[in-house]
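Inspection log for the structure reproduced underneath, given as structure tokens.
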Amino acid sequence: MEKVAFIINPFSAKKNYQPFLNELKNKVQNPLYYISESIVGTDEFIQQHLIDVDIFVAIGGDGTISTVAKNLINTQKVLAIFPAGSGNGFSNETQFSKNLDELLNKLKSKKSRKIDTFTVNGKLSINVSGTGFDGKVVKEFEKTTRGFKNYIKVSLKTFFNYKPIKLKFFDENYRQYNGKYLMVNIANTRQFGNNAYIAPMASKSDGLVDMVLVKKFPLTYSPLFAFRMFTKKLKEDDYITYLPVSEIEFKVNTKNWHLDGEFNKIKSPIHVKVQPSSLNILI
């Protein structure tokens, strides 16, 4: 594993990264690893090893993966993943499991392929980003100890009090979709995480993202929405619209966004742009 580096987010997986590190040391002789103290520290570590390392393994959730990935965009370096987050949406979509032996076998084979990424006002996203209801949920979720149960609790509490956001497109071809929405998602892959498929037809290698517009729906629709989302059967109806785009500009009357599950303040106007085949990922 001379040309592989492992980057560990010590705050993921309920701060219990030691079992992974112990197993790694037992199975790999003198592994090169870095326990991240900050995003800046991660960036510096990657830049220091960009010449001598071919594959960078992110150990964490989607936010950690995105932090590592932004240093590898449009290079020949390869991203690999050991999922250790609360949702693990991107690792689910790229077939990485919590089995270290499987990961080590992939690292030995060194097979990779290019996938798309996208930016929101220049900020990288690799999985699903959004504003509106889910942006607010992520903001409140970060105040908790995380975990799927807390995510559901925060989601339910937020749903009853949340007022829809206003969306306005700049392109006349999309102005028929101007209006009020519960949430607006930009999906490079199919799921948020925890197998919640917000965009079941999305592809990470078609040069497009699915813009998902969700109108606020009555409480009676919630069970059907949830059932469809967790069974990959969400589809266009009176409350959901899918717009496949490669680039789009619009305004929303909120600054609350999440990028790959991490809360961000982003001011309108919003410019979304796909970066085709910009990231090498281990397969």
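Sequence positions, counted from 1, serve as the residue numbers for this chain. Note that the structure is a prediction, hence the values are computed from the model and not measured.
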* Would Y239 and F225 satisfy ring pair (Phe, Tyr, Trp, His ring centres under 6.0 Å), going step by step from the backbone distance to the final call? -> CA-CA 10 Å; Y239 301 106; F225 182 87; 9.0 Å; no

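- When all heavy atoms of H49 and F56 are compared, the closest pair comes out as O-CZ, 3.8 Å.
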Next on the checklist: Using the rule given for side-chain contact (heavy atoms from CB on, under 4.5 Å), can you reason through L72 versus I46, listing the C-alpha separation, both sets of side-chain angles and the distance that settles it, and then say yes or no?
Outcome noted: CA-CA 9 Å; L72 311 181; I46 294 173; 4.1 Å; yes

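- No more than 12 heavy atoms of other residues, nucleotides or ligands sit less than 6.0 Å from atom NZ of K166.
- The closest side-chain heavy-atom distance from F82 to K98 is below 4.5 Å.
- Considering all non-hydrogen atoms of both residues, Y197 and L234 come closest at O-CD1, 3.6 Å.
- Nearest approach of S12 to G60, heavy atoms of both residues: OG-CA, 3.5 Å.
- Under the 3.5 Å distance criterion, with hydrogens and angles disregarded, no donor-acceptor pair is assigned to the side chains of T131 and T254.
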The test is side-chain contact (heavy atoms from CB on, under 4.5 Å); show your working for I126 and D62 and say whether it passes. CA-CA 8 Å; I126 57 175; D62 285 350; 5.8 Å; no

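- Smallest separation of non-hydrogen atoms from T67 and N71: O-ND2, 3.1 Å.
- Here the CG-CH2 distance, from N185 to W257, works out to 8.5 Å after rounding to the nearest 0.5 Å.
- The shortest side-chain heavy-atom distance between K215 and Y181 falls under the 4.5 Å cut-off.
- Of the inter-residue distances, the one linking L259 atom CG with E262 atom CD reads 9.0 Å to the nearest 0.5 angstrom.
- Contacts classified as salt bridge (Lys or Arg N to Asp or Glu O under 4.0 Å) and involving residues 30-44 (residues at least two apart or in different chains) are given here: D43-K70.
- Heavy atoms from other residues, nucleotides or ligands lying under 6.0 Å from NZ of K216 number more than 12.
- Every residue two or more places apart in sequence or in another chain that forms a salt bridge (charged side-chain N to carboxylate O under 4.0 Å, His left out) with R228 is listed here: D237.
- The hydrophobic cluster containing L213 also contains L224, counting ILVMFWY residues as joined when their side-chain heavy atoms lie under 4.5 angstrom apart, directly or transitively.
- There is no path of hydrophobic side-chain contacts, each under 4.5 Å, that joins I39 to Y17.
- In this structure, the separation between OG on S97 and CG on N88 is 11.0 Å, given to the nearest 0.5 Å.
- For Q176, the side-chain contact (heavy atoms from CB on, under 4.5 Å) test picks out no residue, with sequence neighbours left out.
- Ion pairing of K3 with D52 is absent here, as no side-chain N (NZ or NE/NH1/NH2) approaches a carboxylate O to less than 4.0 Å.
- Residue K111 qualifies as open at atom NZ: its count of foreign heavy atoms under 6.0 Å is 12 or below.
- Residues meeting the side-chain contact (heavy atoms from CB on, under 4.5 Å) test with K163, sequence neighbours left out: none.
- Within the model, atoms CD1 of I73 and CG of L124 stand 5.0 Å from one another, a figure rounded to the nearest 0.5 Å.
- When all heavy atoms of L79 and F96 are compared, the pair lying nearest together is O-CZ, 4.5 Å.
- The distance from atom CG of N188 to atom CG of N127, rounded to the nearest 0.5 Å, is 7.5 Å.
- A distance-only check finds no donor-acceptor pair linking the side chain of D210 to the backbone of Y242 [under 3.5 Å].
- Remark: N280 engages Q76, V78, S112, K114 in a side-chain contact (heavy atoms from CB on, under 4.5 Å) (not counting sequence neighbours).
- A donor-acceptor pair under 3.5 Å is formed between the side chain of D116 and the backbone N or O of D206.
- Residues L104 and Y33 share a single hydrophobic cluster, defined by chaining ILVMFWY side chains whose heavy atoms lie under 4.5 Å apart.
- Under the 4.5 Å side-chain heavy-atom criterion for grouping Ile, Leu, Val, Met, Phe, Trp and Tyr, I248 is connected to F118 within one hydrophobic cluster.
- The CD1 atom of I186 lies 8.0 Å from the OG atom of S129; values are rounded to the nearest 0.5 Å.
- In this model, a donor atom of one side chain and an acceptor atom of the other lie less than 3.5 Å apart for D260 and S125.
- You'll find the side chain of P164 stays beyond 4.5 Å of the side chain of L182, heavy atoms only.
- The shortest distance between side-chain heavy atoms of M211 and F250 falls below 4.5 Å.
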Run the side-chain contact (heavy atoms from CB on, under 4.5 Å) test on M229 and Q191 for me, step by step, so that the C-alpha distance in whole Å, both residues' side-chain angles and the decisive distance to 0.1 Å come before the verdict. CA-CA 9 Å; M229 186 165 64; Q191 64 170 293; over 6 Å; no

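- Not a single donor-acceptor pair under 3.5 Å links the side chain of T119 to the backbone N or O of N121.
- The backbone N or O of L219 sits less than 3.5 Å from a side-chain atom of S222, completing a donor-acceptor pair.
- Taking each heavy atom of L32 and V4 in turn, the nearest pair found is CB-O, 3.7 Å.
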Next item on the list: Run the numbers on F6 and I59 for side-chain contact (heavy atoms from CB on, under 4.5 Å), then give the verdict.
Entry: CA-CA 7 Å; F6 298 83; I59 298 94; 3.8 Å; yes

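- Residues that satisfy the side-chain contact (heavy atoms from CB on, under 4.5 Å) test with R113, not counting sequence neighbours, are I115, K204, S205, I281, I283.
- Criterion: ILVMFWY side-chain heavy atoms under 4.5 Å apart, direct or through other members. Under it, V212 and I266 are part of a common hydrophobic cluster.
- The number of heavy-atom neighbours closer than 6.0 Å to CZ of F170, taken from other residues, nucleotides and ligands shown, is above 12.
- Of the possible donor and acceptor atoms, none in the side chain of K233 sits under 3.5 Å from a partner among the backbone N and O of F227.
- The shortest side-chain heavy-atom distance between N105 and E102 does not fall under the 4.5 Å cut-off.
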